[in-house]
Amino acid sequence: MNYFTIDTIPAVNNYRLFGEDIVYLDNKNRLYLDGILVDTEVDYFDVFEKEIYFERNGKIIEFNTLEKSKKQYFELIPQGLIQDEMFLNIFDSKSENIDLGAWSYRFRLSNLKKTIIRETKNRFILGYGIWKNPYYFHSEVRNPIKCLDILKETYLWQYSVSEIGKYKDRNEYLKPIEKEGVVRKIMGVFGDVLVAQISGGESANEYQLLGLNTQTGKQQWLISGISGVCVNLQANDAQTHLLAIRDSEFIEIDLRTAQISRNKDLESILGYEGKTITVKCMTLRDQHIFFTGSFNGLVFHSGVIGAFNIETEQIDWLHDMEFDRNTNFNMSSTPQLEGNRLYALDSGGTLHIFEREENTDAKDAE
């Protein structure tokens, strides 16, 4: 396996892959589609099918990429008028399992069906959570976990992690205290089980994985004693395992048995020319974990991107970004893949685009 640099785009603040195109927001809040200016003074954007949605001056604008036309989608409701609050996002309900990104805006829940479903058919505007037709699972204030029936606009159940997620911490005077449990992330629905990351343990840095029945909200299983590697967990294509690397720790969790199947320190494997690779962000694709990070845990002027083979537990490809030591750049963004291309944004705002060399797998097999 080998990737080589084919292009870079400077001054990028945020980006999304849109098929073979790139939609990105530059450091002056200008929105571009494959290098063509779409609009200015844009605060946030997202992409779906043939449309780009972006927020400008309190209004959501829809841009049709085929017709190259814009129309106002809806106007955000002032936060003071809101009763039931949910973070906003836009997504297609035909997708079975989506981890929604959080917006800083809110929408009135009572308007959801009348205003959004009627106007957009199979598209909803919802908050930070997981959609599994026809249910929406979320946690508004980190506790409890709730299951909302979108079509009926009623909550089926809620589950509190206050007790099961209790953890030890320190107060402002550094004295040990015990805090109530919180929901850290709702990961997804696997079969009939909703999986969430919650607190719990001897410190705030420990995690637990909680499995709840999607229909009843009853606890199915609980896996305790997981370190901070938990924040990078992602499901494989078969939705049978969760895998992650963070720093030098590798973990694999079998969702069929609710057991940790692999948990290793990869410090010796992540060595490179006498230096150790510290993994920060990752994307799981087929049998590889594509990651970004640094050498020896350095925060600045150090960056790497690579691919870890989860079957052989070896690095198949690694690229040193070779940042100038006079800069404070690093690689701490999640890499993205589309086709045979790999994308990664450095902290200096440069989007690096790599392309996979053809026939490298065949050569490796030989």
Side-chain angles (χ1 to χ4, degrees), residues 3-48 50-65 68-70 72-73 75-76 87-91 99-106 128 231-232 278-283 290-295 298-305 319-338 341-355:
Y3 283 83
F4 57 93
T5 304
I6 61 169
D7 199 5
T8 57
I9 303 176
V12 175
N13 183 47
N14 192 12
Y15 75 100
R16 297 283 190 279
L17 300 183
F18 196 47
E20 297 181 352
D21 297 326
I22 305 172
V23 182
Y24 65 92
L25 196 64
D26 74 3
N27 55 11
K28 295 184 179 180
N29 293 93
R30 295 174 297 198
L31 184 65
Y32 290 87
L33 169 62
D34 205 26
I36 300 174
L37 182 66
V38 174
D39 215 319
T40 59
E41 299 181 1
V42 174
D43 293 323
Y44 187 87
F45 74 94
D46 217 333
V47 296
F48 294 97
K50 62 180 183 296
E51 289 92 22
I52 301 172
Y53 295 88
F54 58 92
E55 191 272 322
R56 183 188 63 195
N57 299 326
K59 297 179 175 62
I60 296 295
I61 309 297
E62 177 188 89
F63 177 75
N64 187 298
T65 58
K68 300 295 188 293
S69 61
K70 303 176 190 177
Q72 182 173 320
Y73 191 61
E75 187 164 359
L76 296 169
F87 286 106
L88 280 183
N89 208 326
I90 302 173
F91 71 104
D99 186 359
L100 304 180
W103 283 27
S104 58
Y105 310 110
R106 307 293 178 89
Y128 181 79
V231 302
N232 278 353
T278 303
V279 174
K280 291 303 178 186
C281 300
M282 52 155 278
T283 295
F290 291 86
F291 63 85
T292 57
S294 64
F295 288 123
L298 292 176
V299 178
F300 303 118
H301 54 256
S302 177
V304 295
I305 183 168
H319 178 74
D320 184 352
M321 301 303 296
E322 298 181 343
F323 290 133
D324 189 325
R325 293 191 64 84
N326 293 321
T327 71
N328 289 329
F329 297 165
N330 61 45
M331 294 296 289
S332 57
S333 67
T334 301
Q336 298 187 43
L337 293 102
E338 179 64 37
R341 291 189 176 182
L342 174 65
Y343 303 80
L345 183 65
D346 70 35
S347 62
T350 297
L351 179 62
H352 302 265
I353 306 173
F354 302 85
E355 187 167 275

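Computed from a predicted model, the values in this text were never measured in an experiment.
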Exercise. Nearest 0.5 Å, what's the CZ-CG distance between F354 and D7?
Worked result: 11.0 Å
For this session: Check I22, D346, N13 against L351 for a side-chain contact (heavy atoms from CB on, under 4.5 Å) and give me the one that passes.
Result: I22
Exercise. Between I52 and L31, which heavy-atom pair has the shortest distance, and what is it?
Worked result: CG2-CD2, 4.1 Å
For this session: Would you check if F54 and L25 make a side-chain contact, meaning some heavy-atom pair closer than 4.5 Å?
Result: no
Exercise. Does some side-chain heavy atom of L33 sit less than 4.5 Å from a side-chain heavy atom of F63?
Worked result: yes
Exercise. Could you state the interatomic distance from CG (D26) to CG (N14), rounded to the nearest 0.5 Å?
Worked result: 11.5 Å
Seminar exercise, completed: Across all chains, not counting sequence neighbours, the salt bridge (Lys or Arg N to Asp or Glu O under 4.0 Å) partners of E355 are R341
Seminar exercise, completed: Value for CG (L17) from CD (Q336), rounded to nearest 0.5 Å, stands at 4.5 Å
Exercise. What distance separates D21 CG from I36 CD1, expressed to the nearest 0.5 Å?
Worked result: 8.5 Å
Exercise. When the aromatic ring centroids of Y3 and H319 are compared, is their separation below 6.0 Å?
Worked result: no
Exercise. When you measure from the side chain of T283 to the backbone N and O of P335, does any donor-acceptor pair fall under 3.5 Å?
Worked result: yes
Problem set entry | pair F329-T350: side-chain heavy atoms closer than 4.5 Å | no
Problem set entry | Backbone of F295 reached by a side-chain donor or acceptor of S302 within 3.5 Å | yes
Seminar exercise, completed: Rounded to the nearest 0.5 angstrom, the NZ-OG distance for K280 and S333 is 13.5 Å
Problem set entry | Validation row: V23, T65 side chains within 4.5 angstrom (heavy atoms) | no
Problem set entry | Interatomic distance, F290 atom CZ to L342 atom CG [nearest 0.5 angstrom] | 6.5 Å
For this session: For K68, look at atom NZ and say whether over 12 heavy atoms of other residues, nucleotides or ligands are found less than 6.0 Å away.
Result: yes
For this session: Answer yes or no: is there a donor N or O on one side and an acceptor on the other, between the side chain of N64 and the main chain of E51, under 3.5 Å?
Result: no
Problem set entry | Y24 and its ring pair (Phe, Tyr, Trp, His ring centres under 6.0 Å) partner, picked from F45, Y32, Y15 | Y32
Exercise. With sequence neighbours left out, what residues match D39 under salt bridge (Lys or Arg N to Asp or Glu O under 4.0 Å)?
Worked result: R56, K70
Exercise. Any side-chain heavy atom of V304 within less than 4.5 Å of one from M331?
Worked result: no
For this session: Taking the side chain as every heavy atom from C-beta outward, state whether T5 and H352 have any atom pair closer than 4.5 Å.
Result: no
Problem set entry | For the student: nearest non-hydrogen atoms of I305 and A344, plus distance | CD1-CB, 3.6 Å
For this session: Say whether, by atom type as modelled, one donor and one acceptor occur between the side chain of N29 and the main chain of T40 under 3.5 angstrom.
Result: no
